[in-house]
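Down below is the structure, laid out as structure tokens.
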There are 2 protein chains.
Amino acid sequence: MSGREKLAAKAPAKSKNASKKKPRYLELADELREAVLRGDYPDPGDFPTESVLCKKYDVSRFTVREALRKLTAEGLITRKRGSGTVVQPATARAGALHQPLSNVGEILQYARDTTIAFEKKKAGAIPKDVVEQIGAKADGDWFAFRGKRMKPGRKRPIAVTEAWVHPELADAVAQIDVNATTLFGQIETLGEVSVARVTQDIQAIKGTKDILSELGLEKGDPVLRILRCYFDESDRMFEISASYHPGERFAYSMHIEVD
Amino acid sequence: MSGREKLAAKAPAKSKNASKKKPRYLELADELREAVLRGDYPDPGDFPTESVLCKKYDVSRFTVREALRKLTAEGLITRKRGSGTVVQPATARAGALHQPLSNVGEILQYARDTTIAFEKKKAGAIPKDVVEQIGAKADGDWFAFRGKRMKPGRKRPIAVTEAWVHPELADAVAQIDVNATTLFGQIETLGEVSVARVTQDIQAIKGTKDILSELGLEKGDPVLRILRCYFDESDRMFEISASYHPGERFAYSMHIEVD
DNA sequence: CAGTGGTCTAGACCACCGG
DNA sequence: CGGTGGTCTAGACCACTGC
């Protein structure tokens, strides 16, 4: 199972791989997120208070608050001084159409509920219209992929995705599992880079014939294109992806917290 | 010594409007933001370190870090362990087409560069398709507005916006300046609510005849619809807006920081 | 009123980066 | 190496909520 869980046993776990030790507050956030998604807190008021969490996990309030801050940013919970922390009802989320994606974690979560099989294409230059839109230089022959993202129980795909990986990441590309959920997740594991920043451009366009037929749409149907650029800590762009979604059947949903 | 400035008498300030006392870290963020925008740190490396800021403003590191966290979220600065804090060059910002909107502050900034004149319409129920899409109840007769958003130097509008304001905010609605940049900004000032959360749904749709002609588009051109719901601190939805953008001429652009 | 989350202090250790 | 920002502790006071 896509083990992201470190959990109880403090076993130092010196996996030789590059996975550095996660801060405690992120581990805690992962545990709490799983608990929420698993349904451990069915009623909105079931979520523990900060002080309870401090004791239960034997960490300081700072650590608890950092974890809860993350879950708040993800829209999983809502907090209010004086009353407490409540899990956000699944009402607004997961309408059949909605895909909440307000941060990278949620991109992963969204990917987890869907399946995709990429096909490796010949490496080459990135299409002109894509380069223009992102307004950054992306020279050289990038490794190209193409896939169709499906959601269980639906006939038609929710996206057709094209992606390009930086020419220097040949080692990682060679090991890519073409049936995994996301490319950048694998590149993070295989390569030495990790995502620090993502930019997105969202547009409504007329789909090309190819795209339309793959999405099961008709001529003239609008298509939502999401162009993503992935940057590492040193601000190097290492992956570009273009996803084409059926306009009427798909909504890109996000929320913004004010601080 | 200086300990903590109790701030002279708490000026009661019972203005019905909400001019509550701002936390120190937000004040600090405001000061630093102004300094950056004023150009006090022309070179990227000029920005002070945390310890310098602690001394200069006589606050703890926690307070400094909260302020810097805010500026980081706004994309104003970038921070790296070991090297320091650098102001983000204005290079990437403000592509002609791009409208970065990853937080409410940026929605406001985007509005600042554009103009809009709203027209008050008759209050009434919210259209069915909108209600369905947001998946929340919005009963009663909401105050309706409609406007066209223009960008200086461009002939065609970048958006047609419809908005609805909660029936209970009649007082605020009565005072609304129909030529201001945003409705929710005014409602915040006039009413007793303030934005705590925004949700957005983005879709590619076929525009109606009305919308298309107002945007200067032709039949069959795709339209990007952004549906926003504004919530206050008590999670009450007090405004809904639907913006229709020309698909090919407009990109919704955002960036996500990974934490 | 007791308990919640929001703000804040004064420490500490660490991983990382530059000179 | 010294200094940076990232993580974390153990306190504290407060504004606000619910009962």
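Chain naming here is simple, since letters A, B, ... match the order of the sequence lines and numbering starts at 1 in each.
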Exercise for review: Can you establish whether the number of heavy atoms outside Glu168(B) located under 6.0 Å from its atom CD is more than 12?
Suggested key: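 Not buried by this count: 12 neighbours or fewer within 6.0 Å.
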Check your understanding: Has Asp43(A) got more than 12 heavy atoms of other residues, nucleotides or ligands less than 6.0 Å from its CG?
Key ->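 More than 12 within 6.0 Å, yes.
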Exercise for review: Could you please spell out the steps behind the salt bridge (Lys or Arg N to Asp or Glu O under 4.0 Å) verdict for Glu31(A) and Arg38(A)?
Suggested key: CA-CA 10 Å; Glu31(A) 296 174 42; Arg38(A) 193 170 45 231; over 6 Å; no
Check your understanding: Could you walk me through whether Asp201(A) and Arg228(A) pass the salt bridge (Lys or Arg N to Asp or Glu O under 4.0 Å) check?
Key -> CA-CA 7 Å; Asp201(A) 270 28; Arg228(A) 293 201 178 99; over 6 Å; no
Please determine whether a side-chain nitrogen or oxygen atom of [X] lies at a distance below 4.0 Å from atom OP1 or OP2 of [N].
{"X": "Arg65(A)", "N": "dG6(C)", "value": "yes"}
{"X": "Arg24(B)", "N": "dT7(C)", "value": "no"}
{"X": "Arg79(B)", "N": "dG6(D)", "value": "yes"}
{"X": "Thr85(B)", "N": "dG5(D)", "value": "yes"}

**Study point:** Strand contacts (DNA chain D) in residues 47-62 of chain A, 4.0 angstrom heavy-atom criterion
**Key:**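 Residues of residues 47-62 of chain A that come under 4.0 Å of DNA chain D are, in numerical order, Val59(A), Ser60(A), Arg61(A), Phe62(A).
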Exercise for review: Can you measure from OG1 (Thr72(A)) to CD1 (Ile77(A)) and round to the nearest 0.5 angstrom?
Suggested key: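 Taking OG1 in Thr72(A) and CD1 in Ile77(A), the distance rounds to 3.5 Å.
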For [X] and [N], what is the distance between atoms [atom1] and [atom2] respectively, to the nearest whole Å?
{"X": "Lys70(A)", "N": "dG6(D)", "atom1": "NZ", "atom2": "P", "value": "16 Å"}
{"X": "Tyr25(A)", "N": "dG6(D)", "atom1": "OH", "atom2": "P", "value": "9 Å"}
{"X": "Leu68(B)", "N": "dG5(D)", "atom1": "CG", "atom2": "P", "value": "8 Å"}
{"X": "Glu66(B)", "N": "dG5(D)", "atom1": "CD", "atom2": "P", "value": "15 Å"}
{"X": "Ile77(B)", "N": "dT4(D)", "atom1": "CD1", "atom2": "C1'", "value": "14 Å"}
{"X": "Leu71(A)", "N": "dG5(C)", "atom1": "CG", "atom2": "C1'", "value": "15 Å"}

Point to revise | Qualifying residue for ring pair (Phe, Tyr, Trp, His ring centres under 6.0 Å) with Phe184(B), from Phe238(B), Phe231(B), Tyr230(B), Phe118(B) | key: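 Only one of Phe238(B), Phe231(B), Tyr230(B), Phe118(B) forms a ring pair (Phe, Tyr, Trp, His ring centres under 6.0 Å) with Phe184(B), namely Tyr230(B).
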Practice item. Give the minimum heavy-atom separation between Leu169(B) and Phe143(B), together with the two atoms involved. Key: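 Where Leu169(B) meets Phe143(B) most closely, the heavy atoms are C-CE1, 4.3 Å.
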Review point. How far apart are the closest heavy atoms of Asp46(A) and Tyr41(A), and which atoms are they?
Key: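 Result for this residue pair: O-CD2, 3.5 Å.
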Atom pairs under 3.5 Å: protein N/O with N/O of nucleotides 17-19 of chain C:
none

**Study point:** Candidates Arg61(B), Arg69(B), Lys56(B) - the one meeting salt bridge (Lys or Arg N to Asp or Glu O under 4.0 Å) with Glu50(B)
**Key:**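 One option only clears the test, and that one is Arg61(B).
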